[in-house]
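Below is one structure, written out as structure tokens, with a few remarks after it.
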Amino acid sequence: QVATDFRLWVRSQCDAAIEGLGELMRALVAQAEAGAGMVMPGFTHLQVAQPVTWGHHMLAYVEMLDRDRGRFRDARARMNESPLGAAALAGTSFPIDRETTARALGFDRPMANSLDAVSDRDFALESLAAASITAGHLSRLAEEIVVWMTPMFGFASLPDDLTTGSSIMPQKRNPDAAELVRAKTGRIMGSLVALSTVMKGLPLAYSKDMQEDKPPVFEAFDALDLALVAMTAMVAALQPNTERMAQAAGAGFSTATDLADWLVRELNLPFRKAHHVTGAAVKRAEALGVDLAQLPLDEMQKLEPGVTEAVYKVLTAEASCQSRQSYGGTAPEQVRARVADWRKRL
């Protein structure tokens, strides 16, 4: 009976997580729609890499969270077998009907082995694994919000009800909600490790060790529920600073790849040579204290005589984003198409 009740409770928490993830995804899709054309820097190694759009960035998390929903759905489907009627470990001599009780409790079928029915906690472990991966995704987004709100970045802001003032520095508004979401990840992942450790050396069927299965699961899902609610509120209220993001998107020679691509497309240079020419152009621009878009044409032609004025059309962050028209790319048209798709799916 305890195994059955525990399984029913974990199943309900998977359903709640799926619903909570859906609400967060809707908030992210709304941000993506509003920011389909907002240019911001994309990063690798936390260094400015290529321009992307705010909408494209938001949709990356939608894709992650949809995989999280899939993991919870998979876990729910596998756990939806009833242990009720397995008795202590060997089944029973009474003429019970396990199919009927399974159906009455919303299970697909009774578990087929009484020893397994009593001793299995895979359903809890798999759900904790799904929760841990989800928490990791929430933590990554929380970290980005924390970084974006620093004055050095200044990419976004949150309202007062989702930040907290400093006890001694009156000018500060700290993104405490994001920081706490980031911290809850440790509790959720720790719960998976705790239960895995409890179960790893147990012989069949039941041992009193398994009394320790519930506290980590309860704690993890309480933390996950709170983190999802908090993150949904933050995403819905997040205000992007379009001017600051656009300014940063063009920094760090972020359109260098666009120059290399132009050399390949327009002058038929092998990419290896185009890469070399672009690297030399970046060095020259650095020496002159300008960006690629301000590098004089004669300077470019010293590096590659075939370069024309047309090259400057691809050297803005907006043009870079607009050119990324491949499926799944950052072009505003692609972002809007994905937004429309997600609105239907959600």
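Thr92 places a side-chain N or O within 3.5 Å of a backbone atom of Phe94 that can act as its donor or acceptor partner. Under the 3.5 Å distance criterion, the side-chain polar atoms of Gln239 are left unmatched by any main-chain donor or acceptor of Ala156. With Asp291 contributing its side chain and Gln294 its backbone, the two residues share no donor-acceptor pair below 3.5 Å. A donor-acceptor pair under 3.5 Å links the side-chain atoms of Gln31 to the main chain of Val235, judged by distance alone. Ser114 places a side-chain N or O within donor-acceptor distance of the main-chain N or O of Leu89, the cut-off being under 3.5 Å. At least one donor-acceptor pair under 3.5 Å links the side chain of Arg11 to the backbone N or O of Gly106.
Between Thr278 and Phe253 there is no side-chain heavy-atom pair separated by less than 4.5 Å. Annotation: side chain of Asp108 is not in contact with side chain of Glu81 (no heavy-atom distance under 4.5 Å). Using a 4.5 Å cut-off on side-chain heavy atoms (C-beta onward), Thr232 and Arg26 make no contact. Considering only heavy atoms from C-beta on, Lys184 stays 4.5 Å or farther from Val181 through its side chain. Contact annotation: the side chain of Asp213 approaches that of Phe6 to within less than 4.5 Å [non-hydrogen atoms, C-beta and beyond]. A 4.5 Å side-chain heavy-atom check between Glu33 and Arg336 finds every atom pair outside the cut-off. Within the 4.5 Å cutoff, no side-chain heavy atoms of Ile188 are placed close to those of Phe221. With a 4.5 Å cut-off on side-chain heavy atoms, Phe218 and Ser191 do not count as touching.
Note: Leu192 CG to Ile133 CD1 = 9.0 Å, rounded to the nearest 0.5 Å. To the nearest 0.5 Å, atom CG of residue Leu28 and atom CG of residue Leu59 are 8.0 Å apart. Note that CD of Glu304 is 6.5 Å distant from CG of Leu263, once rounded to the nearest 0.5 Å. Distance check, rounded to the nearest 0.5 Å: CG of Asp116 to CG of Asp122 gives 7.5 Å. From Thr185, atom OG1 reaches atom CZ of Arg140 across 12.0 Å, with rounding to the nearest 0.5 Å. To the nearest 0.5 Å, atom CG of residue Leu162 and atom CG of residue Asp176 are 10.5 Å apart.
By the criterion of side-chain heavy atoms lying less than 4.5 angstrom apart, applied directly or through intervening Ile, Leu, Val, Met, Phe, Trp or Tyr residues, Met300 is grouped together with Leu269 in one hydrophobic cluster. Placement of Met234 and Leu141 within a single hydrophobic cluster is found when ILVMFWY residues are connected by side-chain heavy-atom separations under 4.5 Å, directly or transitively. In this structure, Leu224 is not a member of the same hydrophobic cluster as Leu180, with clusters built from ILVMFWY side-chain heavy atoms closer than 4.5 Å. Note on Leu195: it clusters hydrophobically with Val118, by side-chain heavy-atom contacts below 4.5 Å among ILVMFWY residues. Hydrophobic clustering (side-chain heavy atoms under 4.5 Å, transitive across Ile, Leu, Val, Met, Phe, Trp, Tyr) groups Leu128 together with Leu202.
A salt bridge is defined here as a Lys NZ or Arg NE, NH1 or NH2 lying under 4.0 Å from an Asp or Glu carboxylate O, and Lys302 with Glu299 meets this definition. The pair Asp341-Arg345 meets the salt-bridge criterion, since a charged nitrogen lies less than 4.0 angstrom from a carboxylate oxygen.
A search for side-chain contact (heavy atoms from CB on, under 4.5 Å) contacts involving Pro110 returns Arg98, Glu99, Ala102, not counting sequence neighbours. Qualifying side-chain contact (heavy atoms from CB on, under 4.5 Å) partners for Ala310, counting only residues two or more places apart in sequence or in other chains: Trp262, Thr308.
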Side chain to side chain contact (heavy atoms under 4.5 Å, CB included) evaluation trace for Ile145 with Met231: CA-CA 10 Å; Ile145 291 172; Met231 184 57 76; 4.0 Å; yes
Pair Met189-Ser132, side chain to side chain contact (heavy atoms under 4.5 Å, CB included): steps then yes or no: CA-CA 5 Å; Met189 292 180 174; Ser132 295; 3.9 Å; yes
Side chain to side chain contact (heavy atoms under 4.5 Å, CB included) between Asp261 and Phe271, intermediate numbers included: CA-CA 8 Å; Asp261 290 348; Phe271 189 81; 3.7 Å; yes
From CA spacing to verdict: side chain to side chain contact (heavy atoms under 4.5 Å, CB included), Leu125, Ser196: CA-CA 7 Å; Leu125 288 167; Ser196 297; 3.5 Å; yes
Arg71/Asp74 under salt bridge (charged side-chain N to carboxylate O under 4.0 Å, His left out): CA gap, chis, key distance, verdict: CA-CA 5 Å; Arg71 277 182 278 269; Asp74 289 346; over 6 Å; no
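The two atoms that bring Ser127 and Phe72 nearest to each other are O-CE2, 3.8 Å, heavy atoms only. For Ala256 against Leu292, the heavy-atom pair with the smallest separation is CA-CD1, 3.6 Å. In plain terms, the two heavy atoms of Ala293 and Leu315 that are nearest each other are CB-O, 3.8 Å. The heavy-atom pair separating Gly35 from Thr53 by the smallest distance is O-CB, 4.2 Å. Smallest separation of non-hydrogen atoms from Ala178 and Val146: CB-CG2, 3.9 Å. Minimum interatomic distance between Tyr327 and Arg338 (heavy atoms only, all atoms of both residues): OH-NH1, 3.5 Å.
Between Cys14 and the choices Met79, Arg73, Glu19, the side chain to side chain contact (heavy atoms under 4.5 Å, CB included) rule is met once, by Met79.
For the residue pair Glu144/Tyr61, the side-chain donor-acceptor check at 3.5 Å is satisfied. There is no side-chain donor-acceptor pair under 3.5 Å between Asp258 and Thr255. One side chain, Glu63 or Trp342, offers a donor N or O that lies under 3.5 Å from an acceptor on the other. Donor-acceptor pairing under 3.5 Å is lacking for the side chains of Gln334 and His56.
Among residue pairs with one or both ends in residues 214-239, those qualifying as salt bridge (Lys or Arg N to Asp or Glu O under 4.0 Å) are Arg187-Glu219; sequence neighbours excluded.
Note: Phe153 and Phe43 have tilted aromatic rings, judged against thresholds of 30 and 60 degrees for the angle between ring planes. The aromatic rings of Trp54 and Trp148 sit tilted, their planes meeting at an angle between 30° and 60°.
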